[in-house]
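Everything below concerns the one structure shown next.
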Amino acid sequence: MNTEYNPQAVESKWQQSWQDTNLFRVDMKGDKPKYYLLEMFPYPSGRIHMGHVRNYTIGDVVARYKTMRGHNVLHPMGWDAFGMPAENAAIASKIHPKKWTYENIDYMRTQLKKMGFSYDWNREIATCDPEYYKWEQLFFIQMYNKGLVYKSRAFLNWCEQCKTVLANEQVVEGQCWRCGSQVFLKEHDQWFFKITAYAQELLDDIEKLKKGWPERVLSMQKNWIGRSTGTLIRFQIEGTSDDIEVFTTRPDTLYGATFMSIAPEHPLVKALSAGTGQEDKVRDFVNKTLQVDTFTRTSDLYEKEGVFTGRYCINPLTGFKMPIYVANFVLYDYGTGAVMAVPSHDQRDFDFAKKYGLKIIVVIQPEGESLDSETMECAYEGEGVLVNSGEFNGMKNTDAMEAITKHLQAQGRGSATVNFRLRDWGISRQRYWGAPIPMVYCEKCGTVPVNIEDLPVILPENVELTGTGISPISQDESFVNTTCPACGGKARRETDTMDTFVESSWYFLRYCSPHSHDKPFDKAEVHYWMPVDQYIGGIEHAILHLLYARFYTKVLRDLGYVDFDEPFERLLTQGMVIKDGAKMSKSKGNVVDPEDLIKNYGADATRLFCLFAAPPEKDMDWSDKGIEGSYRFLSRLWRLVFDMKDQLRSADASADVPPKSMEALKRKTHQTIKKVTEDIEKRFRFNTAIAAMMELVNDLYRAKETASSPGEFAVVREAVQSLIVMLSPFVPHITQELWEAMGNTGQLLRMSWPEFDPNWCEEQEVTVAVQVNGKLRATVTVAKDADQETVEERAFAEANVKRFLEGADIKKVIYVPNKIINIIAPLR
RNA sequence: GCCCGAGUGGCGGAAUUGGUAGACGCAAGGGACUUAAAAUCCCUCAGAGCUUGGCUCUGUACCGGUUCAAAUCCGGUCUCGGGCACCA
């Protein structure tokens, strides 16, 4: 053992040892309770960043802790390896995405090993491996056969920069989640996963997640699913037998519906305007609107405009001829893409009606007021009583909602319905580096799934990447041209690839049996390990990945693969790593490279600071000075053991009765064990756990000065030994080295977690605060659980207490044992 | 606009059930050791005041309330962060 703490030497020594002994290998043998700890796997972008370091350090503490508590812990790692950066790198520097990806994986694996994370590398997976995406293609076909996958032509979010469509979840404030450029709507053929079929279940099962997931994530998911109840109403288009369908949450205002607004993307637009003389105007308006990016279109400031289609529809209750407008504010995506407009009771419709001179009819009167459609200056959106509403006049509007819906139902013109904001998940990507969609287009048979025996549909490697926006594999004739699985005739393959979020929707299942060749995963293995007991990752996936994975789990359940409803029992969303008040980014120049930290301070100091600087769920401020503090602490720990190593080696840690001089240290030791155990177990508060261990080190430095006899060193040894074991999940390398230096053998990961003795956790003397009229006037030290009389006697003896009691009558004394005594004594 | 969270020293943060606010660390200042520096060790460190080895007052975004006692509970306000949002 060296005098000086040299992290590099210590860390590489033990990393080698762990690898050589397969220390982190797990399987489902044994009678220990299982524990599945999962961190969100990284995209192999090239190097790990501080966000990974923080995420995986938190996970590693829990994994090691649970192992030491006697659990059989599955702690896997892999690569979310399909995705656009690989392709962009290929376009920019002519490296094949596969080569680029696998080189990155190799480098990042080395980096993760240098951090000392306890992954079972035997279970490593990369989603770009055909052995992985083969099963995804199988799921796709099975979902297709079950009606959970369909193809449709629709207006979709298009990112010009990435040359691909995006799912709704991947558009943030009208911008691409990946590159930040503006998103436009563009008409496309797309494959969809029918996530809406699970909308209600996804919402209902949030209840099951309440005990283990952060409230914040659940409320975001609830918002996203966006359930609202209302009425579906069919309006007949004048002069035809066709209908326009509308979803409304205000059927009570139907008598006031005086016109109709439909989205520019609505498929009826063309037909409606045909032959009315409005055709040109409508076409120009639609084209103009479609050119506006999504962000502008959905902003409050965007001018509300519309064009009359030249047609009318009939209000089913009043028979009123409602002009049909194409309006730029109507979302094709929500409800039916058409809205019945009630200008008297909806501000937007009111503004629109004023602008285009459309009729306004008041149908709800608020109590004690009388609105007049001629004079009203804004819409009335509140509650009231129905007027101008035929047989419903006089009814409260809240009652009228149901009554009118029933009435419509009887006429065959409407029905009560539930509408979700959630849209089906569009998964086609017009990009190369992804899993091919296993479908074939046959001239005779139409769209046909690939035969299951023919999977995987391998992504061709010999392609040219130009970045022009045409799917590269569509250029590969040998890939595209195939035979129809049904009739054997000439056919063409689908050339879009799947959204990479599909891969991350089930990778946690593959980890359970990563080498399974004949099926996606072994049922018994999955049954043993799943669900994930603790999932850890960034809040940025609150909706995206976490919603998709929940959906996919339910689909796989319905396909008979798994028998649980939710994949992740508990979720911890860790905060971002911030420096100088901003998220680390190249453009801001505030990036800290973990590799430099490992080089300068070692992995242990890096891990320690990540855990100590803030509680895991909060954003963490990076501080260059802070990591020096962590390094200082580890050096202090090193010296402590080094200075005493001879005495510690010869001391007997099992001596039961400590000498008087060491009672305080023994007490502190057991208090620290209790605190650290509870902080990890109950609260995930690693920062306070570390603070407690720092206190113990401070006390040990004091004890070191006074200890001389073997009996005293026995207590010191117990303290140091417990400390090293407890610190090992946090800083596994230095602790292992010190463990050995003290004359112990074996891996700390195989040691059991120290137990505290409750008798030694309690102080025998306590400091009781003495208050007079609620203000602190003194403190007295008394025996633990001293009775009130004793404490009172001591309290009254305090000079400062006497001073404040002078000229006062003691009315009442409140005593909380071991804490506080409050003397209530108002002045005379 | 609706729905969540948060607000404590110069800074990161602690106070777990309402019971001594500021643990632990960083920064800063002072001292010891040293030829010197680094490292290390020790001390001070919320603000104001005073009769200064100690004591008083104020203090957990702001205003008010409940309570013997509030950072913690309740009502209101402000600020910041996040989500949803022309959602029919």
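Numbers restart at 1 for each chain; the letters A, B, ... are given by sequence-line order, proteins then strands.
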| In residues 817-825 of chain A, which ones come under 4.0 Å of RNA chain B, going by heavy atoms? | A/K819, A/I820, A/N822, A/I824
| said: If the cut-off is 4.0 Å, is A/R216 near the phosphate of B/C3, judged by side-chain N/O to OP1 or OP2? | reply: no
| said: Between the side chains of A/R250 and A/E381, is the shortest nitrogen-to-carboxylate-oxygen separation below 4.0 Å, so that they form an ion pair? | reply: no
| task | Describe the nucleic acid contact of A/N419 in one word from base, sugar-phosphate, nothing, applying a heavy-atom distance below 4.0 Å. | result | nothing
| message | Students often get this wrong, so: under 4.0 angstrom with heavy atoms, is A/T767 touching a base, only sugar-phosphate, or nothing? | response | base
| message | Is it the case that B/C68 (base atoms only) and A/K812 (side chain only) share a donor and an acceptor within less than 3.5 Å, ignoring hydrogens and angles? | response | no
| Going by number, which of residues 247-254 of chain A have a non-hydrogen atom under 4.0 Å from RNA chain B? | A/F247, A/T248, A/T249
| Could you state the CE-C1' distance from A/M220 to B/G83, rounded to the nearest angstrom? | 5 Å
| note | In RNA chain B, consecutive runs of at least three Watson-Crick or G-U pairs below 3.5 Å, as range with range, amount to B:1-7 with B:78-84, B:10-12 with B:24-26, B:28-32 with B:40-44, B:46-50 with B:54-58, B:61-65 with B:73-77
| So, is A/R685 near the phosphate of B/A14, with a side-chain N or O under 4.0 Å from OP1 or OP2? | yes
| Cation-pi geometry met for A/R636 and A/Y701 (6.0 Å, 45°) | yes
| said: Any base atoms under 4.0 Å from A/R777, or only sugar-phosphate, or nothing? Heavy atoms, all strands. | reply: sugar-phosphate
| said: Whether A/R803 contacts B/G54 is assessed here as follows: a side-chain N or O lying under 4.0 Å from the phosphate OP1 or OP2. Is that the case? | reply: no
| request: State whether A/R348 places a side-chain N or O below 4.0 Å from either non-bridging phosphate oxygen (OP1 or OP2) of B/C87. | output: yes
| field | Protein-nucleotide distance (A/Q788, atom CD; B/G19, atom P), rounded to Å | value | 19 Å
